[in-house]
Amino acid sequence: MLPIDAAAHSSRWRRRHPVDKAVLGLGLTVLAISLPPWPGAALILVAALAVLLGPAGVTARHLWRAYRVPLGFCVTGAATLLVQVGGPEGLVTLADGGPVRAGELLLRTSAASLGVLLFAFTTPMSDLLPRLVKAGVPAPVVDVALVTYRMSFLLLDSMRRIREAQAARLGHTTRAATWRSLAGLGATAFIRAFDRAARLQAGLAGRGYDGTLRVLVPEARVSVRFVAVSVALLAALTALTFVLERPLS
């Protein structure tokens, strides 16, 4: 199980309906994209951090481990706005207004990423996917997503076990041995993935699979109070943004 999925299963908001958390987390994401980057995205970033580390109960270590990858993409994307290619001044030069545009993009993307992580850290996929059928998503699509989600963990676990076995047999002592181990890892994982898929299909057929996977979903109701507080927070952040709005430069 991935750390973010394990954190979602042990979250304080684990028993809340996904709609409650979608209004808050995805609402913050939408505001981060649509509001002016300064001070809007900055306020969204601070608010998302406060909710994640406070009421949601996410530890700073787990949040950083999950946030550093999207943050790296945010920084990389923003860095490209600092320079321009071609022009009378040379092949690669500093772009006019590049730092301002890079800062705005970094604020937007980093704040939006935190909004998505707020939803991911509090909502296990096993709670979300079965409910998508009631939201109008075709059942076969949800079934494929459920099976893929489950198979991905099995594949990752198999790869971890293979790597441990290779390391125990000194398969990573030299560069050549590492490449051979990597090739063996890919081949073995490929074969095991097909083998597990075939066994899964045989197991479903033996249990009378009729095209729909029926799973137990924890009972939960949409909390009107939670949604109202979330909407009030989003409205307050929007109002505060327009009150404090100033040019970034």
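FYI, the numbering just counts along the sequence from 1.
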Heavy-atom check, side chain of Phe242 versus side chain of Leu35, under 4.5 Å | yes
Mind running side-chain contact (heavy atoms from CB on, under 4.5 Å) on Leu24 and Phe226 for me, showing each step along the way?
-> CA-CA 9 Å; Leu24 179 57; Phe226 189 92; 4.3 Å; yes
Transitive ILVMFWY side-chain link Leu233 to Leu31, under 4.5 Å | yes
Got more than 12 heavy atoms from elsewhere within 6.0 Å of CZ, Arg225?
-> no
Given side-chain contact (heavy atoms from CB on, under 4.5 Å), test Thr109 with Leu105 step by step and report yes or no.
-> CA-CA 6 Å; Thr109 53; Leu105 179 61; 3.8 Å; yes
Any idea which heavy atoms bring Ile44 and Leu28 closest together, and the distance?
-> CG2-O, 3.4 Å
May I ask you to check whether Trp13 and Phe121 place their ring centers less than 6.0 Å from one another?
-> no
Between Cys74 and Ser110 the two heavy atoms that sit nearest each other are SG-N, 3.8 Å
Heavy atoms of Leu237 and Ala47 approach each other most closely as CD1-CB, 3.9 Å
Heavy-atom closest contact (Lys21 atom, Arg16 atom, distance) | NZ-O, 3.3 Å
Is any NZ, NE, NH1 or NH2 atom of the basic residue among Asp195 and Arg192 found under 4.0 Å from an Asp or Glu carboxylate oxygen of the other?
-> no
ILVMFWY network linking Leu234 to Leu244, side-chain heavy atoms under 4.5 angstrom = yes
About how many Å separate CZ of Arg12 and OG1 of Thr122, when rounded to the nearest 0.5 Å?
-> 12.5 Å
Transitively linked via ILVMFWY side-chain contacts under 4.5 Å: Leu45 with Leu71?
-> yes
When the ring planes of Phe190 and Phe194 are compared, do they come out parallel, tilted or perpendicular, using 30° and 60° as the limits?
-> tilted
Same cluster or not: are Leu117 and Leu53 linked, directly or through other Ile, Leu, Val, Met, Phe, Trp or Tyr residues, by side-chain heavy atoms under 4.5 angstrom apart?
-> yes
Heavy-atom pair with the smallest gap, counting every atom of Ala50 and Pro55 | O-CD, 3.5 Å
Got a donor-acceptor contact below 3.5 angstrom from the Thr188 side chain to the Leu185 backbone?
-> no
If you group Ile, Leu, Val, Met, Phe, Trp and Tyr by side-chain heavy-atom gaps below 4.5 Å, do Trp64 and Leu52 land in one group?
-> yes
CZ of Arg180 to NE2 of His172: how many Å apart, nearest 0.5 Å?
-> 11.0 Å
Using a strict 4.0 Å threshold on nitrogen-to-oxygen distance, state whether Glu104 and Arg108 make a salt bridge.
-> no
Find out whether Ser11 and Val58 are in side-chain contact, i.e. whether some heavy atom of one side chain is under 4.5 Å from a heavy atom of the other.
-> no
With a 4.5 Å heavy-atom cut-off, do Asp20 and Ser230 have their side chains touching?
-> no
Just by modelled atom types, is the Gly77 backbone N or O under 3.5 Å from a matching donor or acceptor in the Thr80 side chain?
-> yes
Should Thr29 and Leu118 be marked as a side-chain contact (heavy atoms from CB on, under 4.5 Å) after you check the CA-CA gap, both sets of side-chain angles, and the distance that decides it?
-> CA-CA 10 Å; Thr29 300; Leu118 173 60; over 6 Å; no
Distance, nearest 0.5 Å, that separates CD of Gln166 from CZ of Arg163 | 7.5 Å
Considering residues, nucleotides and ligands other than Arg199, do more than 12 of their heavy atoms fall under 6.0 Å from its CZ?
-> yes
With side chains defined as the heavy atoms from C-beta onward, is the minimum distance between Leu114 and Leu63 less than 4.5 Å?
-> yes
Give a yes or no answer on whether the side chain of Ser181 reaches the backbone of Gly171 with a donor-acceptor pair at less than 3.5 Å.
-> yes
Find the distance between OG1 (Thr59) and CZ (Arg65) and round it off to the nearest 0.5 Å.
-> 9.5 Å
Would you say Ser158's side chain and Ala189's backbone share a donor-acceptor pair under 3.5 angstrom?
-> no
Please report the shortest heavy-atom distance between Ala32 and Ala112, naming the atom on each side.
-> CB-N, 3.6 Å
